[in-house]
Amino acid sequence: MSGLGIARALLCRCALLLMVVAAGPARAADAPHALDLTTVLAQVAASSPMLAASGAMSDAARDRIAPAGAWSAPMLEAGVVNVPTTGRFDADMMTMKMVGVEQKVPISGANARSRAAATYAYEAARWNAQRDRMNVFSDTWQAYADAYLAGLAADAADAHDAVMARMEDAARAKLASGRGRIGEVLTAQAERARLSADGERARAEQRTALAKLAALRGRDTVVAGETLAPPPEWLASDTTRAWDAAYGAAHPALRAMAAGVARDRASADAMRRMRWGDLDVKASYGKRETLQGGMTQDDMFSASVGVMLPVGFGGREGAQARAMDDMARAGESERRALALDLRQQLIAARNDARVNERRVRVLSDTVLVLQQRALDADWGAYASGSLDLARVLDTAHAAYTTQIEILRARQDLAHALARVLALSADGSLVGVTLPQEAPRSTR
């Protein structure tokens with residue numbers, strides 16, 4: 001093949017290489033049974049062991065509400081009273097068969113406050129489960145994007161290796177004709193070795209990300225043959241009103257802490273009310289037998305009401321109430337600190353997403369386009385014999401490096417969007433429809 005023919009073939013190969021980043025998503029989207037992020041998130045919601053554990057903790061908190069405000073069980077008593085050692089029930093007028101019942105009746109309102117504290121604890125557990133849900137979805141998004149983009153990086157390395165192989169052939173042909181240099185052959189070989197390492201690293205990253213994605217989906221192994229569609233790369237406009245809510249107190253972690261503060265305050269109130277104890281209501285009925293000699297006797301009953309006096313007892317409950325008030329104040333301060341931290345993190349994640357959006361756009365629409373033109377010009381100069389192959393190789397390598405940089409920028413963008421999801425708990429801000437939470441069993 002002539003030098004011009006080789007140049008044209010290599011030019012076609014380089015054009016193909018420059019299309020890898022853009023063509024990769026289309027191939028993945030058109031592949032049969034390709035997974036998209038929405039489907040994967042639904043699988044995670046249904047099968048994640050971590051989310052199942054959070055749901056069980058929420059169920060446990062819910063099941064503690066009823067016993068927290070329940071009355072103590074009544075005590076039933078049955079027996080005999082004043083029976084002589086002879087065992088006769090008709091020898092003494094005070095001998096009787098007795099049945100009684102005792103019930104503690106709460107009058108202080110502590111039970112109601114304890115039930116309120118347990119209700120707030122359940123509310124906190126529910127919001128903590130929502131927080132865990134957003135964090136797991138964020139991890140899933142990052143693993144999904146890592147796996148998808150690592151596959152594109154491996155494809156780019158393979159495509160560039162094919163170009164380098166043709167360049168090596170061209171360098172050998174030129175060397176055999178006496179017009180080339182051995183350095184051009186060695187440079188092409190060195191570049192191919194570098195690409196082999198790049199490809200292996202990208203495939204290793206893809207395997208690691210796929211394994212993490214499988215674990216998040218509650219699976220032991222990666223399912224063979226699955227392909228991934230491109231992850232979403234969209235962020236809501238800065239003027240979207242949903243951002244205002246995202247920066248407010250709507251985040252599940254903040255709601256969980258607010259519920260925790262309310263729980264501590266209700267517990268403190270319950271402790272204060274417990275300084276006055278419950279009423280102790282007792283009633284019994286005694287049946288007496290007819291005495292020897294035929295004397296009949298009336299049956300007897302007893303009833304009493306007792307109340308515990310807060311003597312030497314209320315001080316302990318008061319101290320416990322003060323401790324719970326202190327915990328409530330600490331929780332309120334922690335909630336305020338978390339609100340400020342979440343706001344700062346969300347602003348940073350939003351800014352990172354915007355920066356990486358611009359990076360991807362500039363690299364794809366400007367830098368890579370200009371490098372394509374430079375590569376076309378260098379190939380023309382090489383075909384005319386006015387430029388060394390080494391210069392063409394450098395230009396092609398620069399274009400490949402830009403492709404990898406685009407993929408890294410897309411990866412950074414995906415991570416930033418995933419953080420926005422975790423920090424805002426609002427899928428509409430990042431263009432994702434989150435799966436609805438399955439209703440919990442009420443048994």
Side-chain angles (χ1 to χ4, degrees), residues 53-77 100-133 135 248-283 303-342 440-443:
S54 294
M57 292 295 291
S58 176
D59 290 345
R62 178 198 60 202
D63 293 338
R64 283 192 285 267
I65 295 176
W71 286 19
S72 60
M75 178 178 291
L76 180 65
E77 183 181 9
V101 64
E102 180 178 358
Q103 175 68 58
K104 293 186 180 300
V105 180
I107 59 173
S108 64
N111 281 36
R113 299 311 299 160
S114 295
R115 183 184 297 109
T119 302
Y120 286 128
Y122 169 51
E123 184 178 345
R126 285 195 306 110
W127 287 119
N128 281 328
Q130 286 295 318
R131 175 206 60 197
D132 294 341
R133 184 179 173 88
N135 288 337
H251 192 276
L254 295 177
R255 293 188 175 187
M257 295 192 75
V261 169
R263 174 202 61 209
D264 291 340
R265 287 175 176 162
S267 296
D269 195 10
M271 289 292 179
R272 279 188 287 270
R273 295 180 182 223
M274 285 175 62
R275 287 180 296 183
W276 286 95
D278 302 333
L279 289 181
D280 191 9
V281 181
K282 298 180 182 179
S304 66
V305 176
V307 64
M308 181 180 63
L309 299 177
V311 178
F313 178 75
R316 182 178 63 187
E317 274 61 37
Q320 291 175 338
R322 289 191 296 274
M324 296 305 297
D325 284 332
D326 293 339
M327 291 181 63
R329 288 197 303 273
E332 183 61 35
S333 297
E334 290 175 353
R335 191 196 66 81
R336 176 60 178 161
L338 179 61
L340 294 173
D341 183 58
L342 286 174
R440 310 294 304 179
S441 171
T442 56
R443 290 194 298 276

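Keep in mind it's a predicted model, so treat the numbers as computed, not measured.
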Requested in this report: Going by the side chain to side chain contact (heavy atoms under 4.5 Å, CB included) test, name the single residue among Ser54, Ser58, Pro252 that passes it with Asp132.
Outcome: Ser54

**Report entry** Approximate separation, where rounding is to 0.5 Å, of Met257 CE and Asn128 CG
**Finding:** 9.5 Å

Report summary line: CG (Asp341) and CD (Glu334) are apart, to the nearest 0.5 Å, by 12.5 Å

Report summary line: On a heavy-atom basis, the closest approach of Ser267 and Ala117 is OG-CB, 3.4 Å

Query raised in the report: Under 3.5 Å, is there a donor-acceptor pair between the side chain of Asp264 and the main chain of Met324?
Result: no

Query raised in the report: Can you list the residues that meet the salt bridge (charged side-chain N to carboxylate O under 4.0 Å, His left out) rule with Arg64, with sequence neighbours excluded?
Result: none

Report task. Identify the residue among Ser114, Pro106, Ser108 that makes a side chain to side chain contact (heavy atoms under 4.5 Å, CB included) with Arg273. Result -> Ser108

Query raised in the report: Which atoms form the tightest heavy-atom contact between Lys104 and Trp71, and what is the distance?
Result: O-CE3, 4.2 Å

Query - Test: Arg335 and Glu332 ion pair at under 4.0 Å - result: yes

**Report entry** Which atom of Ala61 lies closest to which atom of Ala121, heavy atoms considered
**Finding:** CB-O, 4.2 Å

Query raised in the report: In Å, rounded to the nearest 0.5 Å, how long is the span from CZ of Arg62 to OG1 of Thr119?
Result: 12.5 Å

Query raised in the report: Is Gln130 reaching over with its side chain to a backbone N or O of His251, donor-acceptor style, under 3.5 angstrom?
Result: no

Query raised in the report: Just how far is it from atom CZ of Arg265 to atom CZ of Arg113, taken to the nearest 0.5 Å?
Result: 11.5 Å

Report summary line: Tightest non-hydrogen contact, residues Leu254 and Gly248, listed as CD1-O, 3.6 Å

Report summary line: Closest heavy-atom pair, Gly69 versus Arg115, reported as atoms and distance to 0.1 Å, is O-NH2, 2.6 Å

**Report entry** Residues Arg322 and Asp325 bridged, charged N to O under 4.0 Å
**Finding:** no

